[in-house]
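Letters A, B, ... are given to chains in the order of the sequence lines, protein chains preceding strands, and every chain is numbered from 1.
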Number of protein chains: 2
Amino acid sequence: MPSEKPARRKPRQVRAELTRDRILNAAAHIFTEYGYAAGTTNRIAERARVSIGSLYQYFPNKDAILAELVLNHIDEGGADTPITDSPDRDLETVLRLFVRKTIDNHRADPRLLRLMLEEAPLSPDLLTKIIRYSHKRIAQLKHVLATHPEVRVTDLDMAARLIENTVELVTHKLMAESVEAQRLENELVAMLSRYLRG
Amino acid sequence: MPSEKPARRKPRQVRAELTRDRILNAAAHIFTEYGYAAGTTNRIAERARVSIGSLYQYFPNKDAILAELVLNHIDEGGADTPITDSPDRDLETVLRLFVRKTIDNHRADPRLLRLMLEEAPLSPDLLTKIIRYSHKRIAQLKHVLATHPEVRVTDLDMAARLIENTVELVTHKLMAESVEAQRLENELVAMLSRYLRG
DNA sequence: GAAGTATCTGAATATCAGCTCACAATAGTG
DNA sequence: CACTATTGTGAGCTGATATTCAGATACTTC
């Protein structure tokens, strides 16, 4: 299912913006509830209380809807927020903040997130953006590691990638299995801080 | 897409067995190449050089094909093989063997594995088997941790789940990004052994 | 308030994949 | 070789979903 199409009409009246928003909102709910394949455009339109025609006035196809949700998530989800605001805290605190933020993020809407990460049809363009975002986060993390006095690992690049992915993926998986968040947080922080202190 | 159907005919001649195998083989390739949704039954049949009718003589539906691939993978993939054969090695060695095995496993066919883990349509029955398998692995790991003298963690249950998932998921992800296997192995082992030794 | 533009509608269409079934070919048996 | 059982075939049926389009409705502007 490719996805190139001439651009859709851009909203010029307020009501159009509202319609667009309703569609995106409905899509988030429908995808969450039904998954991507079973989340049909008709269901989305119905939920948004909009005709199917309207939906296609703002999105060239179904893929584009999920793609936009992913993008929104990326750039509201702290593309700019640094990993830690105060770099002079002790290592464990920094790690705890990092872990907690990820856990909180997942608590909000785990199913939609899972969908985005795993089922999203990745157009080359979207893929590029996601990769760029991911690199940015890893670079930030690497910087924190490089700067912090308590850190004692040699392969900084690998360490940053390892940590970023570990926290993200494990949180995902275990939160889905309804592990108690506090225990997860503690154990992750323990693992990472012992690792980094060498 | 549910999946209950009267059982298909069982092969009684050699040629039938061969056909069945060809179908499974082809399915593995097709799913790997196209993903689950775009891996159509017709494509699979074509690749297996078998008519679509034959395919449906051995599998009640598309889901069942992937389900069988998952099952095969599970019980050839060391459901019985213990995590470590010689329990008197030092901790780092034990961990290294564990990590290496996972990495080797993924080298074989990362995309298919990813598919199985993420896109497989999980019938309740299949889900049960997968969960049972997963619990078994975690229990084994927990036993190793509980037994080994070098291990110093309090929350053994959480630790076992954390480690199992970390190794599995991170290997998955990073091997897909073509990280160098040796570096990954080293860093994972470093992280885990420092963590466990406290 | 009339003309022009933007927005919305939803029945109709296009597409496409899973799957069936009536029949054909091949293997086994005596 | 005749007869049965097993296996194989593939055109086409079925149902589901994405997407279109001709026309209705609502806003904006002068």
Nearest whole Å is fine: how far is [N] [atom2] from [X] [atom1]?
{"X": "B/Arg20", "N": "D/dT6", "atom1": "CZ", "atom2": "P", "result": "17 Å"}
{"X": "A/Ile44", "N": "D/dA18", "atom1": "CD1", "atom2": "C1'", "result": "11 Å"}
{"X": "A/Glu46", "N": "C/dG10", "atom1": "CD", "atom2": "C1'", "result": "13 Å"}
{"X": "B/Glu17", "N": "D/dT6", "atom1": "CD", "atom2": "C1'", "result": "13 Å"}
{"X": "B/Leu18", "N": "C/dA27", "atom1": "CG", "atom2": "C1'", "result": "14 Å"}
{"X": "B/Gln57", "N": "D/dA5", "atom1": "CD", "atom2": "C1'", "result": "12 Å"}
{"X": "A/Arg49", "N": "C/dT9", "atom1": "CZ", "atom2": "C1'", "result": "16 Å"}
{"X": "A/Phe59", "N": "D/dT20", "atom1": "CZ", "atom2": "P", "result": "15 Å"}

Measure across B/Ala26 and B/Arg47 and return the closest heavy-atom pair with its distance rounded to 0.1 Å.
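Taking every non-hydrogen atom into account, CB-CG, 3.6 Å.
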Holding to ring pair (Phe, Tyr, Trp, His ring centres under 6.0 Å), I want the full list of residues that pass it with A/His29, two or more places apart in sequence or in another chain.
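Listed in chain order: nothing, the list is empty.
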Can you sort out the partners of A/Phe31 under ring pair (Phe, Tyr, Trp, His ring centres under 6.0 Å), two or more places apart, ordered by chain and number?
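Counting only residues at least two positions away or on another chain, A/Phe31 forms a ring pair (Phe, Tyr, Trp, His ring centres under 6.0 Å) with A/Tyr36.
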Could you tell me whether the phosphate oxygens of D/dT9, OP1 or OP2, come under 4.0 Å of any side-chain nitrogen or oxygen in B/Ser51?
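Yes, such a contact exists.
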OP1 or OP2 of C/dT7 versus the side-chain N and O atoms of A/Ser54: is any pair under 4.0 Å?
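Checking C/dT7 against A/Ser54, no side-chain N or O comes under 4.0 Å of OP1 or OP2.
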Any chance the side chains of B/Asn186 and B/Gln182 put a donor and an acceptor closer than 3.5 Å?
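The criterion, which ignores hydrogens and geometry beyond distance, is satisfied for B/Gln182 and B/Asn186.
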Between B/Val50 and A/Ala38, just flag the one whose closest nucleotide in DNA chain D comes earlier from the 5' side.
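That would be B/Val50.
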Taking the side chain as every heavy atom from C-beta outward, state whether A/Thr166 and A/Met191 have any pair of such atoms under 4.5 Å apart.
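A/Thr166 vs A/Met191: side chains touch.
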Closer than 4.0 angstrom, basic N to acidic O: yes or no for B/Lys101 and B/Asp104?
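No, B/Lys101 and B/Asp104 are not salt-bridged.
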Salt bridge A/Lys129-A/Asp125, side-chain N to carboxylate O under 4.0 Å:
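Between A/Asp125 and A/Lys129 there is a salt bridge, with a charged N closer than 4.0 Å to a carboxylate O.
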Can you sort out which residues in residues 21-31 of chain B have a heavy atom within less than 4.0 Å of DNA chain D? Ascending by number, please.
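Contacts with DNA chain D under 4.0 Å: none.
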Which sits closer to the 5' end of DNA chain C, A/Val14 or B/Arg15, going by the nucleotide each is nearest to?
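Final value for this comparison: A/Val14.
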Not counting sequence neighbours, list each pair that qualifies as a salt bridge (Lys or Arg N to Asp or Glu O under 4.0 Å) and has a residue in residues 186-198 of chain A.
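The answer is A/Glu150-A/Arg197.
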Among all residues two or more places apart in sequence or in another chain, which pass the salt bridge (charged side-chain N to carboxylate O under 4.0 Å, His left out) test with A/Glu180?
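So A/Glu180 forms no salt bridge (charged side-chain N to carboxylate O under 4.0 Å, His left out) with any residue.
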Atom pairs under 3.5 Å: protein N/O with N/O of nucleotides 15-18 of chain C:
residue, atom, partner, partner atom, Å
C/dG18, OP1, B/Lys62, NZ, 2.8
C/dG18, OP2, B/Thr41, N, 2.9
C/dG18, OP2, B/Thr41, OG1, 3.0

